[in-house]
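Taking it in order: structure first as structure tokens, then the write-up.
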Amino acid sequence: MTETAQQSTGVEGVDGGVGVTALLVAAARAIETHRHDSLARDVHAEHFVRAAPASANWPVRIQQVPDGDADPLWGRFARYFGLRTRVLDDFVLRSVHGKGMRQVVLFGAGLDTRAYRLDLPSGCVVYEIDRAGVLAFKRDVLDGTSARPKAARVAIALDLRADWAAALTESGFDPAAPSVWLAEGLLFYLPAAAETHLVDTVHRLSAGGSSLAYEVKLEKDLLSYRHSPLYVATKEQLGIDLLDLFDTEPRPDSAGSLAGKGWFTSVHTPFEFTHRHGRGPLPEQNDALEGNRWVFAEKG
Ligand code: SAM
């Protein structure tokens with residue numbers, strides 16, 4: 001698989017390269033947590049933000065943002081991540097409680113704390129896959145708090161551009177039992193071949209009834225959004241150029257591929273969930289979120 005610009009920088013932890021995006025989502029979740037109308041709560045998020053030099057000065061409350069909700073980064077983007085967290089929390093909870101799954105695999109887990117936050121049934125195992133530096137940072141921060149996971153948690157340090165199936169099964173994952181898979185905020189950082197490999201491998205390792213949710217960006221030309229308020233604000237306020245981190249190769253039709261393998265798929269804009277939950281981002285001019293889609297799939 002090809003090396004992308006963002007992933008050849010050698011930065012392995014959360015202080016640069018693609019790892020810093022995990023802090024961005026954590027800061028958004030911290031802000032969301034302390035809102036009176038929050039859609040998702042993550043009390044661990046602000047500990048990550050404060051612990052990393054790259055983000056120690058970022059806001060963790062909307063009141064710390066001069067323009068508040070009107071700020072394109074900490075207002076709108078944080079609303080987006082708050083909604084995404086809630087929708088995917090609900091997806092995981094439906095899968096484990098409604099469908100009895102006991103294996104949860106988080107691709108590009110970053111600073112996701114679902115193993116600590118969600119009411120997961122006994123016997124549930126959460127596999128968290130990310131790069132070694134990100135997982136080490138996460139462990140160090142959580143070890144310094146009184147946080148205890150509510151489910152067995154297995155951290156698997158690897159690069160998802162390489163084959164990962166053996167590492168997962170050697171860590172105890174059972175392909176014969178149904179599972180719930182999540183790729184939240186990940187696939188657009190991976191080369192197209194790695195996305196195809198991930199989806200094909202999920203199919204191969206999924207027993208009938210397994211569920212997968214993931215996020216994609218459908219834009220044919222991501223760079224045409226370079227001047228969108230969201231990308232400009234992220235670059236100006238944080239020095240992070242998200243477009244340099246995204247993989248700009250043409251994307252595979254992963255939902256189509258899953259449907260062709262017998263999965264039931266549905267593709268949604270985030271805005272649909274904004275209407276459903278009464279809060280979240282709405283479409284705007286020159287919108288960096290225009291092509292974002294949340295895909296839900298169940299193996300028949
Ligand atoms: N899913 C988490 C969430 O929503 O809070 C984290 C999302 S963060 C935007 C993207 C994550 O993907 C980062 O933690 C990053 O380290 C991870 N990632 C990106 N490329 C990766 C790769 N090639 N292998 C493993 N993890 C990767």
Side-chain angles (χ1 to χ4, degrees), residues 1-33 40 42 44-46 48-49 52 54-55 77-78 80-89 91-92 104-118 126-139 141 155-165 167-168 181-198 201 212-217 230 234 238 240 242-247 249 270 289 292 294:
M1 290 170 189
T2 54
E3 279 269 296
T4 55
Q6 51 98 0
Q7 302 206 337
S8 57
T9 58
V11 181
E12 278 296 321
V14 291
D15 279 318
V18 75
V20 78
T21 64
L23 289 171
L24 185 57
V25 186
R29 279 202 278 262
I31 289 174
E32 181 70 16
T33 298
D42 180 353
H44 311 290
E46 73 178 272
F48 297 125
V49 179
S55 57
F77 216 5
Y80 177 77
F81 289 132
L83 179 68
R84 189 179 79 181
T85 301
R86 168 60 179 274
V87 169
L88 295 178
D89 280 359
F91 168 76
V92 171
V104 181
V105 182
L106 306 175
F107 293 113
L111 305 174
D112 178 317
T113 58
R114 288 192 170 90
Y116 296 79
R117 293 190 293 111
L118 296 186
V126 180
Y127 298 91
E128 298 189 359
I129 301 179
D130 209 301
R131 296 175 317 140
V134 172
L135 291 175
F137 169 78
K138 182 176 189 173
R139 182 202 57 221
V141 172
I156 306 177
L158 53 78
D159 190 319
L160 284 162
R161 290 169 298 169
D163 190 24
W164 46 266
L168 182 61
W181 310 82
L182 210 60
E184 180 184 20
L186 169 73
L187 296 181
F188 27 76
Y189 299 110
L190 296 182
E195 176 174 336
T196 300
H197 178 71
L198 184 144
T201 309
L212 163 68
Y214 61 91
E215 182 182 33
V216 285
K217 285 173 106 36
L230 198 149
T234 312
L238 306 181
I240 300 173
L242 287 170
L243 287 168
D244 273 357
L245 299 176
F246 294 149
D247 188 291
E249 286 180 309
L289 301 177
N292 286 40
W294 296 346

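By convention here, the first residue in the shown sequence is residue 1. Both counts, for ligands and for their atoms, begin at 1 and track the order of listing. On a predicted model such as this, the values are computed, not experimentally measured, just so you know.
Looking at Arg29, Glu184, Glu215 and measuring to atom 5 (O) of ligand 1, the nearest heavy atom belongs to Arg29. Considering only non-hydrogen atoms, atom 2 (C) of ligand 1 lies nearest to Ala109 out of Ala26, Gly185, Ala109. Of the candidates Ala194, Gly110, Ala132, Gly108, Gly108 brings a heavy atom nearest to atom 1 (N) of ligand 1. With Leu106, Leu111, Leu187, Leu186 as candidates, the residue nearest to atom 12 (O) of ligand 1 on a non-hydrogen basis is Leu186.
The distance criterion of under 3.5 Å between nitrogen or oxygen atoms is not met by Val134 with respect to ligand 1. For Tyr189, no nitrogen or oxygen atom sits less than 3.5 Å from a nitrogen or oxygen atom of ligand 1, counting backbone and side chain alike.
Short contacts between ligand 1 and Ala22, defined as distances under 4.0 Å to a heavy atom of the residue, involve ligand atoms 8 (S), 14 (O). Every atom of ligand 1 with a heavy atom of Arg84 under 4.0 Å away is listed here by number and element: 4 (O). Here is the list of ligand 1 atoms found below 4.0 Å of a heavy atom in Asp159: 22 (C), 23 (N), 24 (N). Each of the following atoms of ligand 1 lies closer than 4.0 Å to a heavy atom of Leu158: 24 (N), 25 (C).
Across Thr33, Thr113, Thr85, a single residue satisfies side-chain hydrogen bond (donor to acceptor under 3.5 Å, both in side chains) together with Asp42, and that is Thr113.
Distance check: Phe107 CZ to Trp164 CH2 gives 3.5 Å after rounding to the nearest 0.5 Å. For the atom pair Tyr189 OH and Arg161 CZ, the distance stands at 14.0 Å (nearest 0.5 Å). The structure places CG of Leu186 at 12.5 Å from OH of Tyr214, a figure rounded to the nearest 0.5 Å. With values rounded to the nearest 0.5 angstrom, Lys217 atom NZ is found 5.0 Å from Phe246 atom CZ.
Using a cut-off of 4.0 Å between Lys/Arg side-chain N and Asp/Glu carboxylate O, Lys138 and Asp130 are scored as not salt-bridged.
Residues Gly19 and Val134 share a closest heavy-atom pair of CA-CG2, 4.1 Å.
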